[in-house]
There are 2 protein chains.
Amino acid sequence: MVEELILQQHHIKATANRITILRTLLKSKHPLSMNEICDRLETVDKSVVSRTLTLFREQGMLHVVENGNECTEYELCKSSTKEHDTDQHIHFHCIICKKTFCFENVSPPGISIPDGFKQLSVNYMIKGICPSCKNAR
Amino acid sequence: MVEELILQQHHIKATANRITILRTLLKSKHPLSMNEICDRLETVDKSVVSRTLTLFREQGMLHVVENGNECTEYELCKSSTKEHDTDQHIHFHCIICKKTFCFENVSPPGISIPDGFKQLSVNYMIKGICPSCKNAR
DNA sequence: TTTTTAATTGCAACAAGGTTGCAAGAACAA
DNA sequence: TTGTTCTTGCAACCTTGTTGCAATTAAAAA
């Protein structure tokens, strides 16, 4: 099973809940929040989802997508490990339908930051209106 | 008074609370969260701070800085109005001291986004360790 | 000035997102 | 089998932020 393989690669013990949560993330086309995962998986307690997402994050399995006023979202990293996150891209958050899109093939332009600051991660979030919400008006 | 002038320019009635909150933002070297403002101003109720920040935001007086897992922060716009926000820059959030810095002279590189998406705002947030936290270790 | 109307304030209660303590259950090794 | 560790689910809690409402204040009209 794909899920077990991924968990194994990140040194996480495979349990039924973890496989289910991972599968939910795998199936989704856009980043999911904790509550979206809970809604899709009514059998799993939110405390388990919370702890599982923390675990996945700590093991470098997830990207954390910060969409602003709303809640934190998570998406699977394609090619990242705990040490190296090579899979960063730009996100677009629709202020109407509240969905977050990944612009996979547009990578965030590197910028030079002032001396003394140590960069660990980047979050490039564009807000606006997505095509389907734009057309709906 | 500078504060009254700024409020007037954004068509906001000047009250004692609003002037105090604006002054707090003016004095700060980095973006402030609602709670940081409440801490500095113990006489003003947090509901007033909340409503005031909403008002300031609606009138284009503030930048909203999303620092991720923690809370929303606000900073004064230098040159923005309700219609045009020309004063966007990159922010750096220190994961240790939780302070957010503005990189004033590094403007976010424009990127071309896919067709159909309408861009309204950009948030470019770098996370890492700031100079003083780096030196403290 | 007095009256009427509208805006602002402060308190408390609430809501959403998320975390934590803890006891019970499952997995696993000795 | 027994002991140890990990995982789970429930409830309680915390934090950030908003809202209902009555009281106060400010502004406008008479």
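Values below: every heavy atom of this structure, side chains too, minus hydrogens, waters and symmetry copies.
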For nucleotides 24-28 of chain D, tabulate all protein N/O to nucleotide N/O atom pairs closer than 3.5 Å, reporting atom names and distance.
none

Given A/K27, A/R18, A/R23, the one that forms salt bridge (Lys or Arg N to Asp or Glu O under 4.0 Å) with A/E3: A/R23
Are [X] and [Y] close enough that some pair of their side-chain heavy atoms sits under 4.5 Å apart?
X: B/T72; Y: B/M34; value: no
X: B/T43; Y: B/T20; value: no
X: B/I12; Y: B/F56; value: yes

Can you name the residues that form a salt bridge (Lys or Arg N to Asp or Glu O under 4.0 Å) with A/R40, not counting sequence neighbours? none
Salt-bridge present (B/K127, A/E66; N to O < 4.0 Å): yes
Do NZ/NE/NH1/NH2 and the carboxylate oxygens of A/E36 and A/K99 come within less than 4.0 Å? no
Give the nucleotide from the list C/dT9, D/dT18, D/dG17 with an atom nearest to the side chain of B/R18. C/dT9
With respect to the side chain of A/M34, which nucleotide from C/dT9, C/dG18, D/dT8 is positioned closest? C/dG18
Specify the residues of residues 40-53 of chain A, ordered by number, for which at least one heavy atom lies under 4.0 angstrom from an atom of DNA chain D. A/D45, A/S47, A/V48, A/R51
Option passing side-chain hydrogen bond (donor to acceptor under 3.5 Å, both in side chains) with A/T100 (candidates A/H91, A/E73, A/E75): A/E73
